[in-house]
S.K.: 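If you scroll down you'll find the structure; I have some questions about it.
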Amino acid sequence: GRFEAPEQVQLALNIPPYDHHPGGPHIDGLAPPEPSGRPGTFTLLAGIFLTDQMSEWMGNVWVWPGSHLSAAGYFREHGPDALSSSAPYPPIDLPEPHQVKGQAGDLLLAHYLLGHNIGGNVSASRREVVYFRLRREGHRERWRECVQDPLLEFEPVREATDALQQ
């Protein structure tokens, strides 16, 4: 599949001191919705580290591993339109969060439904990441299916996963 051209770019800064411990994750694009009323879903969050974040508490993004799978299960059970009323994140059991570490130039790829949030920065360095929200062509027409089937737009991942299970 091909991606549409990104409609925006986000430069995410975290300037110390910022003593913050995220209470939980969120999903991007829920508030406000797009002008059509559709939630601002997308396929993949791509983040390029512009500065090193080699230790915890450097303004790292926090992720809840596997939460995209549990969130998709929630939307299969409650219907895809429950996405809009689930902000900031659906009421599911969550694993322990992890702070993502990396160095300048690293690429972070995250599923749209992966629970994430910004963490505190008690280091001496400013954290800088540029984020792109990427949509597969046709995503807007199939967003309801995408939030219920987390691998719908990730055919190679589905094929690899299926091969491992056989």
Side-chain angles (χ1 to χ4, degrees), residues 1-12 22 24-50 53 60-119 128-166:
R2 296 172 46 142
F3 288 111
E4 298 172 357
E7 297 172 354
Q8 70 173 23
V9 174
Q10 175 190 7
L11 178 58
H26 68 264
I27 296 176
D28 292 342
L30 299 184
E34 292 187 353
S36 67
R38 185 189 85 79
T41 62
F42 51 91
T43 305
L44 187 67
L45 180 66
I48 301 171
F49 288 45
L50 301 180
Q53 298 157 53
N60 315 56
V61 65
W62 289 40
V63 298
W64 281 257
S67 58
H68 62 300
L69 302 173
S70 300
Y74 179 88
F75 297 125
R76 279 192 302 277
E77 182 178 338
H78 297 276
D81 292 314
L83 177 64
S84 296
S85 61
S86 295
Y89 206 76
I92 60 171
D93 290 332
L94 292 167
E96 288 297 315
H98 294 274
Q99 296 184 49
V100 177
K101 299 174 192 167
Q103 61 188 31
D106 284 352
L107 173 65
L108 166 70
L109 297 174
H111 190 280
Y112 168 71
L113 291 174
L114 182 71
H116 65 283
N117 211 332
I118 191 168
E128 300 175 5
V129 179
V130 63
Y131 286 111
F132 300 87
R133 287 159 178 86
L134 305 175
R135 265 188 207 96
R136 287 273 305 266
E137 289 178 341
H139 174 88
R140 281 188 168 96
E141 291 75 33
R142 64 176 170 265
W143 74 267
R144 286 180 173 87
E145 292 83 8
C146 291
V147 299
Q148 297 177 85
D149 179 355
L151 296 181
L152 183 68
E153 294 184 316
F154 299 88
E155 292 89 354
V157 175
R158 183 186 305 279
E159 291 168 10
T161 303
D162 289 347
L164 288 174
Q165 293 177 355
Q166 292 179 0

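Since the model is a prediction, treat every value here as computed from it, not as a measurement.
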S.K.: Rounded to the nearest 0.5 Å, how far does CZ of Arg140 lie from CZ of Phe42?
M.R.: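 With rounding to 0.5 Å, CZ (Phe42) is 11.5 Å from CZ (Arg140).
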S.K.: Could you grab the distance from atom CH2 of Trp143 to atom CG of Leu152, nearest 0.5 Å is fine?
M.R.: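 Taking CH2 in Trp143 and CG in Leu152, the distance rounds to 13.5 Å.
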S.K.: Evaluate the side-chain proximity of Gln103 to Asp106: yes if any heavy-atom separation is below 4.5 Å, no if none is.
M.R.: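 Yes, close enough: below the 4.5 Å cut-off.
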S.K.: Starting at CD of Glu153, measure out to OG1 of Thr43 and round the result to the nearest 0.5 Å.
M.R.: 3.5 Å
S.K.: Grab the two heavy atoms, one from Leu50 and one from Ala104, that are nearest each other, plus how far apart they are.
M.R.: O-CB, 3.6 Å
S.K.: I'd like to know if the side chain of Asn117 and the backbone of Gly24 have a donor-acceptor N/O pair within less than 3.5 Å.
M.R.: yes
S.K.: Can you name the nearest heavy-atom pair linking Ser86 to Tyr74, along with the distance?
M.R.: OG-CE2, 3.7 Å
S.K.: Side chain of Arg135, backbone of Thr41: donor and acceptor closer than 3.5 Å?
M.R.: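 Confirmed, Arg135 side chain pairs with Thr41 backbone.
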S.K.: To the nearest 0.5 Å, what is the distance between CZ on Arg144 and CG on Leu83?
M.R.: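 Here the rounded value is 10.0 Å.
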S.K.: Heavy-atom distance under 4.5 Å between the side chains of Val129 and Val61, does that happen here?
M.R.: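 They are not in contact (no side-chain heavy atoms under 4.5 Å apart), so the answer is no.
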S.K.: Return the minimal non-hydrogen interatomic distance between Asp28 and Tyr112, and the atom names on each side.
M.R.: O-OH, 2.9 Å
S.K.: Within the structure provided, determine whether Arg136 and Arg142 are in side-chain contact (heavy-atom separation under 4.5 Å).
M.R.: yes
S.K.: Evaluate the side-chain proximity of Lys101 to Asn60: yes if any heavy-atom separation is below 4.5 Å, no if none is.
M.R.: yes
S.K.: Between Trp62 and Gly119, which heavy-atom pair has the shortest distance, and what is it?
M.R.: NE1-CA, 3.4 Å
S.K.: Between Ser70 and Ser67 (side chain of the first, backbone of the second, donor and acceptor by atom type, cut-off under 3.5 Å), is there such a pair?
M.R.: no
S.K.: Quick check: do Glu4 and Glu137 have side-chain heavy atoms less than 4.5 Å from each other?
M.R.: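 Heavy-atom side-chain distance check passes, below 4.5 Å.
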S.K.: Would you name the heavy atoms of Ala12 and Tyr131 that are closest together and state the gap between them?
M.R.: CB-CE1, 3.7 Å
S.K.: CG/Leu113 to CG/Leu45 distance, rounded to the nearest 0.5 angstrom?
M.R.: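 It comes to 12.0 Å.
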S.K.: Measure the spacing between CD1 of Ile118 and NE2 of His26 and express it to the nearest 0.5 Å.
M.R.: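 Here the rounded value is 9.0 Å.
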S.K.: Between Pro90 and Phe75, which heavy-atom pair has the shortest distance, and what is it?
M.R.: CG-CZ, 3.8 Å
S.K.: So, does His111 use its side chain to make a donor-acceptor pair with the main chain of Pro150 at under 3.5 Å?
M.R.: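 Between the backbone of Pro150 and the side chain of His111 there is a qualifying donor-acceptor contact (under 3.5 Å).
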S.K.: Does Tyr89 reach the main-chain N or O of His116 with its side chain, forming a donor-acceptor pair under 3.5 Å?
M.R.: no
S.K.: Would you say Leu134 and Pro6 make side-chain contact, with heavy atoms under 4.5 Å?
M.R.: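 SC-SC contact between Leu134 and Pro6 confirmed.
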